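Given the structure is predicted, the values throughout are model-derived calculations rather than measurements. Values below: all heavy atoms of this structure, side chains included; hydrogens, waters and symmetry mates excluded. Start at 1 with the first residue, then count along the sequence.
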Amino acid sequence: MVDRTLLLVDGSSYLYRAYHALPDLRTKGGFPTGAIRGVVSMMKLLREQYPAAHGACVFDDKGKTFRDDWYPEYKATRTAMPDDLAQQIDPIVEGIKLLGWPVLTVPGIEADDAIGTISCMAAKGGFRVVISTGDKDLAQLVDDNVVLINTMSNERLDADGVRAKFGVPPDKIVDYLALIGDSVDNIPGVEKVGPKTAAKWISEHGSLEGVIAAAPTIKGVVGENLRRVVDWLPQGRRLVTVVTDCDLTGHVMGWPEFDALTMRDIDVDALLAFYDRYELQAMRRELETTFGRASQGAQRLASIPAAAAPEPTVDVPDAVVTVS
């Protein structure tokens, strides 16, 4: 049912995927537009493929988070965002909003934690939650009411899909991640232990605690490596665990209700002007084909099928649901 579906997008993941997937496109004046084109196209297609009355594109906040307090070396090896991508952030956010999506960041927490909190609350409230991401960490959120989709690979992961892909069920993903570590976030795991060994250990010993308890009996180099980090592993698991009970009061209007995450109509006239500004002419022509000439855009909104454009409700103030 469209009206009980919540579609959440890992916007930070989308930024880099679009930036690296597309060529170095620019306006005649030299402004970079590849990521703009990629993200806006993906967000438009996603809404068409997964009709939902509620949704949000969620981005990481710019500042530090509670994980930096837990582990000062968290993400310390990450390089700065490329300048060409940084220049496109504000236009990307503008384009996403013109497509009717609420856009959200929450100071002090990562996109994963906002997504985890919203999806958990929504699932408890009877929503079917669809999370669009390429991040394996979010597989821990999958249950009977929550699925992951990857628009790049057309992959869909329910609980059986998670088990088939990773070798462990969703509720053991954090144990699995603690063992293999995360080089992108600079979270150490067990040296020379990869996905197959981690899944095998969890299958044999039931959990991370079981693996730690069995550490004295595990032979070979990997056993030695495991014994060296047994004291670290609980902290590693803490770092990879998505928090699902963040306080979003003041950041999502009316939380824990979902009115602020209501999808809105596409602002056709403003989106046409946006495409003109960034010289995205193919996207402009596609929009004109769908909705008619720019001057007719407002009139054509009434003819959009409900599945493509749910009835508008509350307009979300930028001060409440916004990107820093």
Side-chain angles (χ1 to χ4, degrees), residues 8-16 56-82 85-86 89 93 103-122 131 133-142 146 148 170-191 193 198 207-209 211-212 225-253 255-256 260 319-324:
L8 297 173
V9 177
D10 181 358
S12 297
S13 172
Y14 266 41
L15 292 178
Y16 283 93
C57 185
V58 188
F59 290 91
D60 287 326
D61 185 50
K62 294 178 181 178
K64 291 187 175 183
T65 72
F66 53 81
R67 287 187 181 84
D68 295 291
D69 295 329
W70 294 350
Y71 181 50
E73 298 303 310
Y74 182 63
K75 294 188 177 181
T77 56
R78 283 199 178 186
T79 58
M81 179 181 288
L85 177 55
I89 299 300
V93 171
V103 178
L104 173 66
T105 61
V106 181
I109 71 172
E110 295 181 58
D112 285 3
D113 302 306
I115 289 171
T117 297
I118 294 169
S119 66
C120 184
M121 183 70 72
I131 301 173
T133 183
D135 186 354
K136 63 183 180 300
D137 293 6
L138 292 177
Q140 64 191 268
L141 300 176
V142 171
V146 180
L148 301 188
D171 64 352
K172 292 295 185 291
I173 286 290
V174 291
D175 294 358
Y176 166 91
L177 294 173
L179 289 169
I180 66 174
D182 188 335
S183 60
V184 175
D185 289 343
N186 197 37
I187 301 174
V190 181
E191 188 178 358
V193 168
S207 65
L208 182 64
E209 287 81 5
V211 173
I212 291 172
N225 293 341
L226 171 62
R227 289 186 285 276
R228 278 199 294 268
V229 296
V230 289
D231 292 336
W232 159 258
L233 289 174
Q235 175 73 330
R237 179 171 59 183
R238 185 188 188 201
L239 290 167
V240 299
T241 299
V242 173
V243 177
T244 59
D245 59 355
C246 296
D247 185 3
L248 301 185
T249 304
H251 303 289
V252 178
M253 184 173 60
W255 181 258
V320 178
V321 178
T322 188
V323 167
S324 303

Exercise: identify the closest heavy-atom pair between [X] and [Y]:
X: Ala139; Y: Pro170; result: O-CB, 3.6 Å
X: Ala178; Y: Val240; result: N-CG2, 4.3 Å
X: Leu141; Y: Gly116; result: CD1-CA, 3.7 Å
X: Asp112; Y: Val242; result: O-CG1, 3.2 Å
X: Gly11; Y: Cys57; result: CA-SG, 3.7 Å

Could you go through residues 225-232 and list every donor-acceptor pair under 3.5 Å that involves a side-chain atom there, pairing it with any protein atom two or more places apart or in another chain?
| unit_1 | atom_1 | unit_2 | atom_2 | d |
| --- | --- | --- | --- | --- |
| Asn225 | OD1 | Arg228 | NH2 | 2.1 |
| Asn225 | ND2 | Glu191 | O | 3.0 |
| Asn225 | ND2 | Val221 | O | 3.4 |
| Arg227 | NH1 | Ala215 | O | 2.7 |
| Arg227 | NH1 | Ile218 | O | 2.9 |
| Arg227 | NH1 | Gly223 | O | 3.4 |
| Trp232 | NE1 | Pro188 | O | 2.8 |

For side-chain contact (heavy atoms from CB on, under 4.5 Å), just list the numbers for Ile131 and Val9, CA-CA rounded to whole Å, side-chain angles, deciding distance to a tenth of an Å, and then say yes or no.
CA-CA 6 Å; Ile131 301 173; Val9 177; over 6 Å; no
Ignoring hydrogens and angles, tell me if any N or O in the side chain of Thr244 forms a donor-acceptor pair with the backbone of Thr117 under 3.5 Å.
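Pair absent, no side-chain N/O of Thr244 close to backbone of Thr117.
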Looking at residues at least two apart in the chain, or sitting in another chain, which of them share a side chain to side chain donor-acceptor pair (under 3.5 Å) with Thr249?
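Side chain to side chain donor-acceptor pair (under 3.5 Å) check on Thr249 returns Asp247.
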With sequence neighbours excluded, residues passing side chain to side chain donor-acceptor pair (under 3.5 Å) with Gln140
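Side chain to side chain donor-acceptor pair (under 3.5 Å) list for Gln140, sorted by chain: empty.
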Are Arg78 and Asn186 close enough, and set up right, to give a side-chain contact (heavy atoms from CB on, under 4.5 Å), and what steps lead you there?
CA-CA 8 Å; Arg78 283 199 178 186; Asn186 197 37; over 6 Å; no
Do [X] and [Y] have side chains that get closer than 4.5 Å, going by heavy atoms?
X: Val58; Y: Asp10; value: no
X: Ser119; Y: Leu8; value: yes
X: Asp175; Y: Lys172; value: yes
X: Glu209; Y: Arg237; value: yes
X: Ser13; Y: Phe59; value: no
X: Tyr71; Y: Arg238; value: no

Are Glu110 and Lys64 ion-paired here, with the side-chain N under 4.0 Å from a carboxylate O?
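Between Lys64 and Glu110 there is no salt bridge, as every charged N stays at least 4.0 Å from the carboxylate O atoms.
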Go through the steps for Ile118 and Leu248 under the test side-chain contact (heavy atoms from CB on, under 4.5 Å), then give the verdict.
CA-CA 9 Å; Ile118 294 169; Leu248 301 185; 3.6 Å; yes
CA sep, side-chain torsions, deciding dist, call: Asp137, Asp182, side-chain contact (heavy atoms from CB on, under 4.5 Å)
CA-CA 10 Å; Asp137 293 6; Asp182 188 335; 4.0 Å; yes
Assert yes or no for the condition that the ring centre distance of Phe66 to Trp70 is strictly below 6.0 Å.
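Yes, close enough.
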Separation of Lys75 NZ from Asp68 CG (nearest 0.5 Å)
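Answer rounded to 0.5 Å: 8.0 Å.
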Find the distance between CG (Leu104) and CD1 (Ile115) and round it off to the nearest 0.5 Å.
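The CD1 atom of Ile115 is 9.0 Å from CG of Leu104, to the nearest 0.5 Å.
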Here's a test for you: under side chain to side chain contact (heavy atoms under 4.5 Å, CB included), which of Ile187, Asp113, Ile109, Asp185 qualifies with Arg67?
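For Arg67, the side chain to side chain contact (heavy atoms under 4.5 Å, CB included) test succeeds with only one of Ile187, Asp113, Ile109, Asp185, which is Asp113.
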